[in-house]
K.L.:
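Okay, here's the structure, questions in a sec.
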Amino acid sequence: GENVEQHPSTLSVQEGDSAVIKCTYSDSASNYFPWYKQELGKGPQLIIDIRSNVGEKKDQRIAVTLNKTAKHFSLHITETQPEDSAVYFCAASSNDMRFGAGTRLTVKP
Amino acid sequence: SQTIHQWPATLVQPVGSPLSLECTVEGTSNPNLYWYRQAAGRGLQLLFYSVGIGQISSEVPQNLSASRPQDRQFILSSKKLLLSDSGFYLCAWNLGQMNTEAFFGQGTRLTVV
């Protein structure tokens with residue numbers, strides 16, 4: 001089955017800096033790669049996703065890149081703000097959805 | 001619009017007691033339904049998923065079970081809870097192929113004492 005590795009497990013940045021979270025996956029059949037943001041005590045919410053026929057996708061301050069050959073994808077957050085502080089999960093999906101272990105992002109004002 | 005309800009929000013149960021967590025989805029038909037567990041500081045572990053009434057796939061052998069008695073109802077159960085069952089349980093749904101956006105409930109914080 002699919003195995004998703006996510007790094008780093010914790011990330012602390014100054015407000016205004018960029019944050020990058022990286023994930024790798026094992027199943028070459030995976031074709032959908034969403035990123036979720038989880039705030040304390042709540043369920044995860046989708047922030048951006050990408051499909052395997054696209055190499056990069058951007059939505060305002062958030063971007064995701066995908067390298068299918070290397071089986072890795074990354075989340076980039078630019079101009080970080082304190083409200084970006086949360087746990088971020090990557091996932092890879094073909095027949096089901098497997099999540100990474102999560103990254104706790106802290107943005108210091 | 002579609003909504004997902006999950007309850008209770010928090011639960012404290014003694015070891016050996018039974019468990020029943022319920023999840024319902026409104027505003028859609030024939031969703032795929034999922035139960036995930038999130039242990040402290042860890043990722044989301046897929047426990048069960050269902051593509052239709054009475055169809056349950058189990059990912060991890062354990063003392064938990066799931067049932068889908070109605071199209072939009074998904075229940076997570078245990079006959080006897082273990083300490084290791086403590087965690088944050090999340091129900092989720094999506095439509096069509098499994099490789100589409102999943103929508104999560106607010107979660108149930110289970111503490112087994």
Side-chain angles (χ1 to χ4, degrees), chain A residues 1-11 21 23-25 27-54 57 59 64 66 68 73 86-106, chain B residues 2-11 21 23-25 31-51 55-61 66 74 76 87-111:
Chain A
E2 177 65 274
N3 182 45
V4 179
E5 301 280 343
Q6 182 172 346
H7 301 279
S9 56
T10 60
L11 179 59
I21 303 170
C23 289
T24 61
Y25 62 100
D27 187 353
S28 57
S30 289
N31 55 14
Y32 176 62
F33 306 91
W35 286 88
Y36 286 82
K37 177 183 181 182
Q38 185 181 27
E39 297 179 340
L40 190 63
K42 296 184 179 180
Q45 286 196 306
L46 182 77
I47 55 171
I48 194 168
D49 56 12
I50 192 168
R51 294 196 176 271
S52 58
N53 58 345
V54 176
K57 185 176 178 180
D59 182 4
V64 58
L66 171 65
K68 277 216 76 180
F73 55 113
V87 178
Y88 291 82
F89 292 98
C90 64
S93 177
S94 56
N95 293 322
D96 58 25
M97 192 170 298
R98 304 286 173 159
F99 286 81
T103 297
R104 182 172 298 281
L105 173 64
T106 302
Chain B
Q2 302 93 351
T3 56
I4 179 169
H5 301 281
Q6 191 180 336
W7 66 92
T10 60
L11 190 59
L21 303 181
C23 173
T24 59
V25 179
N32 302 314
L33 295 170
Y34 307 84
W35 278 111
Y36 286 89
R37 176 169 60 200
Q38 185 177 16
R42 298 180 67 179
L44 300 169
Q45 180 187 32
L46 180 63
L47 302 176
F48 301 94
Y49 66 92
S50 171
V51 298
Q55 300 178 59
I56 308 294
S57 295
S58 174
E59 289 295 306
V60 182
F74 206 22
L76 182 69
F88 192 52
Y89 288 83
L90 287 157
C91 180
W93 71 273
N94 64 3
L95 288 176
Q97 298 295 320
M98 289 195 177
N99 55 347
T100 59
E101 179 182 0
F103 299 89
F104 285 83
Q106 291 297 295
T108 296
R109 171 76 56 195
L110 172 66
T111 304

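Computed over heavy atoms, backbone and side chain alike; hydrogens, waters and symmetry mates excluded. Letters A, B, ... mirror the listed sequences (proteins, then strands); counts begin at 1.
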K.L.:
Is there a donor-acceptor contact under 3.5 Å from the side chain of A:Tyr32 to the main chain of B:Glu101?
P.N.:
yes
K.L.:
Against chain B, label A:Pro44 side chain, backbone, both or neither, depending on which of its atoms sit under 4.5 Å from a heavy atom there.
P.N.:
both
K.L.:
Supply the atom-to-atom distance A:Leu46 CG to B:Thr100 OG1, rounded to the nearest 0.5 angstrom.
P.N.:
10.5 Å
K.L.:
For A:Lys68, which residues count as a salt bridge (Lys or Arg N to Asp or Glu O under 4.0 Å) partner, sequence neighbours excluded?
P.N.:
none
K.L.:
Identify which part of A:Phe33 has an atom lying under 4.5 Å from any heavy atom of chain B, answering side chain, backbone, both or neither.
P.N.:
neither
K.L.:
Atom CG of B:Leu46 and atom CZ of A:Arg98: how far apart are they, to the nearest 0.5 Å?
P.N.:
5.5 Å
K.L.:
Please report the closest heavy-atom contact between A:Phe99 and B:Leu44, naming both atoms and the distance.
P.N.:
CD2-CD1, 3.5 Å
K.L.:
With respect to chain B, which residue among A:Gln6, A:Gln38, A:Gln45 yields the maximal number of heavy-atom pairs within a distance under 4.5 Å?
P.N.:
A:Gln38
K.L.:
So, using salt bridge (Lys or Arg N to Asp or Glu O under 4.0 Å) as the criterion, who are the partners of A:Glu39 when residues are at least two apart?
P.N.:
A:Lys37, A:Lys42
K.L.:
Between OH of A:Tyr36 and CZ of B:Phe103, what distance do you get to the nearest 0.5 Å?
P.N.:
7.5 Å
K.L.:
Does any heavy atom of chain A fall under 4.5 Å from the side chain of B:Ala102, the backbone, both, or neither of them?
P.N.:
both
